[in-house]
Structure formats: C-alpha cells, structure tokens
Amino acid sequence: MKALDTPIKSGNAMADAILSSKMSLAQAHGIDVRVDAHIPIKLRISELDLCCVLGNLFDNAIEANDGLPEADRMIRVYMDMKGTQLYISFTNASSGGKQRKVGGASAPPNQTRGTVSGWSTSTRSSRLRAAT
C-alpha cells in the first residue's frame, strides 16, 4: 500500500486514523480522494460512533465508484463545525442506482453524484440525513 500524499490532520486523532485508512483504501481502488476536515479534539458524541459513521460513509462511497472508468472515480469529504454541530459531507461518483435530476432529466451514470451531510452533535439523539 502506498503512503498518503498528505496525512489527514483534522484536529481529532481518531477521525484522522479512520479517514487516512479509508483514503488509502479508496486510492488503492483508483479513486481520486480529497478530504478537507476540521474537527475539534473533543466532541459531544463518542469517537467510536464518529469513526463508525465515517467508516460506513467512506465504504459506501468507495462501493458507489465501482464500475466507473478510473478517470471518473471521485470522493470528496468535507467536515467542519457549524455552530455547535459537526457538519459531514461526502460527495462521490456512482456507477448506478438512484440518479439525481440534473436540469429536469436524469443524469447519466458517470455524472451521478451522491451527497450525505448533516451529523448533528448538538443533541443527544444525533442523526444523519441525506441532502436533497
């Protein structure tokens, strides 16, 4: 496995470890990955829960890129605090499945993008919701 060009330094060591590991895995699958993450050291959710969510989102994004030509494969991750909430956004290419509308028509499979965002850390019942 090749080393990452730039190690992830979000500010949270546990999140950095899972993001770095999954980024390496995605790159081994020929996926162009960009991560921009800014996370406080201490969150109101457990680091284990955060790592489970990040790992699952990354695994789903990697799987969604299967079947695409290598030039079309991509995953973009953005994480930052929005007030008291941790905002997580994953955008990825997809080879099929549900397609979003682009200008009133379904996008071709190689232009389909999936985005999931909105991890709330401000309440006890944190939830993840899909962006529309």
Sequence neighbours excluded, every pair satisfying ring pair (Phe, Tyr, Trp, His ring centres under 6.0 Å) that has a member inside residues 40-63:
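Only F58-F90 qualify under ring pair (Phe, Tyr, Trp, His ring centres under 6.0 Å).
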Mind jotting down which residue pairs meet the ring pair (Phe, Tyr, Trp, His ring centres under 6.0 Å) criterion with at least one end in residues 23-49? Sequence neighbours excluded, please.
none
Distance, nearest 0.5 Å, that separates [atom1] of [X] from [atom2] of [Y]:
X	Y	atom1	atom2	value
I62	R73	CD1	CZ	11.5 Å
M23	L25	CE	CG	12.0 Å
S10	I41	OG	CD1	9.5 Å
D36	S89	CG	OG	10.5 Å
C52	I18	SG	CD1	8.0 Å
N92	N60	CG	CG	8.5 Å

Taking all atoms of both residues into account, what is the closest heavy-atom pair of [X] and [Y], and its distance?
X	Y	answer
D72	A93	O-CB, 3.4 Å
V77	I75	CG2-CG2, 4.0 Å
N12	P40	ND2-O, 3.2 Å

M14-M81 co-clustered via ILVMFWY side chain contacts under 4.5 Å
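M14 does not cluster with M81.
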Can you sort out the partners of D32 under salt bridge (charged side-chain N to carboxylate O under 4.0 Å, His left out), two or more places apart, ordered by chain and number?
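Counting only residues at least two positions away or on another chain, D32 forms a salt bridge (charged side-chain N to carboxylate O under 4.0 Å, His left out) with R34, R76.
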Residue pair L19, M79: steps toward the side-chain contact (heavy atoms from CB on, under 4.5 Å) verdict:
CA-CA 11 Å; L19 289 170; M79 300 174 65; 4.1 Å; yes
Taking the side chain as every heavy atom from C-beta outward, state whether V53 and D49 have any pair of such atoms under 4.5 Å apart.
no
Sub-4.5 Å side-chain heavy-atom contact between L68 and I31
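Side-chain contact under 4.5 Å: no.
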Among residues at least two apart in sequence or on other chains, which ones pass side chain to side chain contact (heavy atoms under 4.5 Å, CB included) with K42?
none
Can you pull the salt bridge (charged side-chain N to carboxylate O under 4.0 Å, His left out) pairs that have at least one residue in residues 10-24, sequence neighbours excluded?
K22-D59
Which residue pairs satisfy the salt bridge (charged side-chain N to carboxylate O under 4.0 Å, His left out) criterion with at least one member in residues 83-92, sequence neighbours excluded?
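The answer is none; no pair qualifies.
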